[in-house]
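Notes follow once the structure below has been shown.
Within every chain, numbering begins at 1; the chains are lettered A, B, ... in the order of the sequence lines, protein sequences first and strands thereafter. FYI, side chains are in, hydrogens and waters are out, and symmetry mates aren't considered; it's all heavy atoms of this structure.
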2 protein chains.
Amino acid sequence: MVTSGRRRRVTISDVASHAQVSVTAVSKVIRNATGVSPAMRDRVKTAIEELGYRPQAVARGMRGRTFTIGLMLPHIRNPFFADILDGLTAYLENTDYQAFMIQGGATRKVERRAVDALVDRQVDGIIMVAPLASKARLEEVAKEKPTVVLARHEGSAFYDSVYDDDEAGAELVVKHLIELGHRRIAHITHQDDSQAPPADLLHNIRAATYERVMREHGLADEIAIATSFYNEQGGYDGARELLGRSPRPTAIFAGADQAALGTLAAVHDMGLSVPQDVSVAGYDNIHLAALSNITLTSVDQDGAVMGRAAGKLLLERIEGRMTAVRFSVTPSLVVRGSTAPPGGSAGAPSTAVTR
Amino acid sequence: MVTSGRRRRVTISDVASHAQVSVTAVSKVIRNATGVSPAMRDRVKTAIEELGYRPQAVARGMRGRTFTIGLMLPHIRNPFFADILDGLTAYLENTDYQAFMIQGGATRKVERRAVDALVDRQVDGIIMVAPLASKARLEEVAKEKPTVVLARHEGSAFYDSVYDDDEAGAELVVKHLIELGHRRIAHITHQDDSQAPPADLLHNIRAATYERVMREHGLADEIAIATSFYNEQGGYDGARELLGRSPRPTAIFAGADQAALGTLAAVHDMGLSVPQDVSVAGYDNIHLAALSNITLTSVDQDGAVMGRAAGKLLLERIEGRMTAVRFSVTPSLVVRGSTAPPGGSAGAPSTAVTR
DNA sequence: GGAAACTTAAATAACGTTACCCATCCAGAT
DNA sequence: ATCTGGATGGGTAACGTTATTTAAGTTTCC
């Protein structure tokens with residue numbers, strides 16, 4: 001007889017009857033609650049061991065916690081997000097919580113659906129990289145669940161924020177290029193259908209900082225921005241557009257490494273070389289940037305630290321903290337071979353870190 | 001007064017009283033169950049609309065389904081996994097199910113913990129890329145939850161398998177290199193602490209196929225394998241080792257694109273060039289491989305199709321199918337500029353697809 | 001020696017949903 | 001008029017866990 005086939009899961013009452021104690025007693029032991037004698041504790045623990053019992057998060061959820069935290073990322077193609085997840089996972093390792101990732105997407109609708117899905121599953125808290133939602137929407141979520149928002153700069157009384165100091169990072173890049181002697185420095189930025197105030201979004205901050213620093217150095221007339229996307233194709237398209245202009249820029253600051261990789265390809269396709277004809281710099285310092293055949297100058301923001309911080313702040317909120325915290329990470333510039341003085345002076349590219 | 005602050009969620013009984021009907025009736029409408037009049041349906045639906053009610057997956061879970069499916073991936077740094085997730089997400093888009101991702105990791109213990117976490121959350125089904133677990137362990141999981149295993153070749157009566165025909169793919173690469181005239185073709189493979197039978201794991205299949213094809217072409221003496229890891233660092237280390245041998249190989253088949261990227265860097269570091277001094281080929285055809293400054297010859301396996309297939313098979317299993325299905329994807333070779341005849345005959349690299 | 005004060009264990013009532021069963025209603029057949 | 005039967009709506013008992021309350025011992029102290 002082939003019944004449904006799946007065997008019934010061991011429950012708390014199986015443990016209770018096996019140990020010949022009450023269900024309550026078992027629950028107390030699981031939760032490390034007070035009022036349980038050492039003898040009882042041992043008895044229950046061996047029963048749990050023998051039966052291989054693990055509590056069912058769903059049932060616990062009905063009474064409060066699911067010991068689950070939800071991480072919403074727009075997508076997983078950006079390796080920088082992997083650093084965040086690793087940092088978070090490492091932090092949660094010696095807690096009872098488990099992190100689950102859900103993919104947002106390119107539209108507000110999908111992003112919203114993803115966050116709703118987390119709330120509907122009764123996660124204990126939410127960490128999200130949500131570039132598309134309005135602040136009001138984020139606060140709405142935060143009123144329902146403890147929330148930490150990553151990579152957005154706005155503060156809110158209802159959620160914690162963890163972000164990179166993108167202004168400092170962008171400034172490092174642009175100043176570095178200026179110090180090398182570049183004047184025609186172009187920038188590739190990102191655009192989406194966000195409802196957030198522009199000033200809260202990292203790509204706008206990077207772009208605005210680029211403009212500011214250019215102006216501060218008397219280069220207002222040289223400002224050239226291509227608006228596309230922070231991915232390979234976007235970087236490729238943006239670079240082609242910028243390099244098609246006359247006079248041609250001598251340096252391109254791509255707002256993200258993914259776009260910088262596309263930029264490198266575009267430069268190559270146009271028969272130019274890096275850094276002799278064009279210097280290229282990115283942002284994020286993804287692993288690939290360090291490979292010697294790419295050797296991309298980039299801004300390092302410590303994703304693992306951000307993930308860890310987000311985890312810590314979220315658990316604090318779950319434990320009851322109601323005041324808002326903002327945590328900002330200071331980036332550093334990693335100079336590699338893709339940037340050099342303009343005009344073809346080759347020279348062996350060296351690697352150095354500036355803070 | 002600052003109470004706990006979070007507002008109570010709308011429940012099914014709120015909807016019921018608002019619509020002045022029974023809880024049962026609301027439940028029926030939600031589930032599209034029979035025995036509900038059109039009038040009732042409308043009434044309830046407007047009440048749901050007005051209150052913004054969404055069912056709580058956790059509570060539904062206690063009675064059966066959570067409408068959640070769990071995807072376990074070893075990590076998210078491999079962009080190929082992003083394709084799988086995208087395919088799966090696309091497939092689930094017009095179902096009631098939501099996919100959540102949990103990260104496995106580099107050790108069996110972590111991998112096991114991740115899968116347990118999914119089971120403990122009562123997901124309705126599990127899709128996993130689990131290279132470390134033993135087959136017995138996978139079957140144990142499959143007995144508890146509907147399961148689809150990705151990227152492993154073994155069949156099982158208890159779960160479905162979705163995998164790339166790695167033998168065909170590896171054969172395409174090695175034959176391509178041989179046809180170009182290469183004889184000293186080396187391979188970089190991967191090693192981990194898996195408990196799976198070697199023959200079930202894709203990296204072993206790729207390596208074994210490499211050896212077989214070499215032998216079949218009278219190149220048994222030229223077989224050279226470096227054992228490291230399928231990531232940038234692994235590819236770099238493996239390539240350095242292989243290129244240090246004398247005589248030096250004229251072509252390297254890295255078992256994965258991530259490793260191939262490291263290989264490209266190693267070749268560059270040793271002052272050699274691709275494809276003049278060394279041809280390099282990878283596997284996975286990640287987006288980066290197409291960039292013109294990388295232009296890596298690679299084997300394309302359609303991750304989106306695999307993700308979609310996995311989703312479809314899993315839902316079938318959830319609906320009750322008990323017989324096992326194996327779904328294999330046929331790969332194709334994408335020839336790019338990183339492979340050319342040995343001996344420095346440059347020539348404009350062309351792009352072509354062979355099936 | 002007995003009340004007060006603890007400590008320990010168990011009984012019980014939720015949490016939000018669904019599946020099963022029963023009651024009612026009305027149409028059509030006798 | 002009575003009966004049968006299908007359609008519709010609602011009552012209720014679970015699902016596995018935890019928090020609160022209650023009961024039963026066991027000390028402690030005058």
* Among the nucleotides D:dT18, C:dG16, D:dG11, which one has an atom lying closest to any side-chain atom of B:Ser22? -> D:dG11

* **Presence of donor-acceptor pair under 3.5 Å, side chain of B:Arg63 and base of C:dT18** => yes

* Salt bridge B:Glu316-B:Lys312, side-chain N to carboxylate O under 4.0 Å -> yes

* Asked: Does the separation of the ring centres of A:Tyr53 and A:His18 fall below 6.0 angstrom?
  -> no

* To do: Report the relative orientation of the aromatic rings in B:Phe100 and A:Phe100; use parallel for angles under 30°, tilted for 30 to 60°, perpendicular for over 60°.
  => perpendicular

* Structure fact -> Among the nucleotides C:dA9, C:dT17, D:dT18, whichever has the atom closest to the side chain of B:Thr11 is C:dT17

* Asked: Would you call A:Arg137 and A:Glu140 a salt bridge, using N to O less than 4.0 angstrom?
  -> yes

* Calculate the interatomic distance between B:Arg65 atom CZ and C:dG16 atom C1'; express it in whole Å. => 18 Å

* To do: Assign each of B:Val58 and A:Thr24 to its nearest nucleotide of DNA chain C by heavy atoms, then name whichever residue's nucleotide is nearer the 5' end.
  => A:Thr24

* Candidate nucleotides C:dT18, D:dT18, C:dA9, ranked by approach to the side chain of A:Lys28 - the nearest -> C:dA9

* B:Val21 side chain: which of D:dT17, D:dG10, C:dG16 is closest? -> D:dG10

* **Selected nucleotide, minimal atom distance to B:Ser37 side chain, candidates C:dT18, D:dT8, D:dG16** => D:dT8

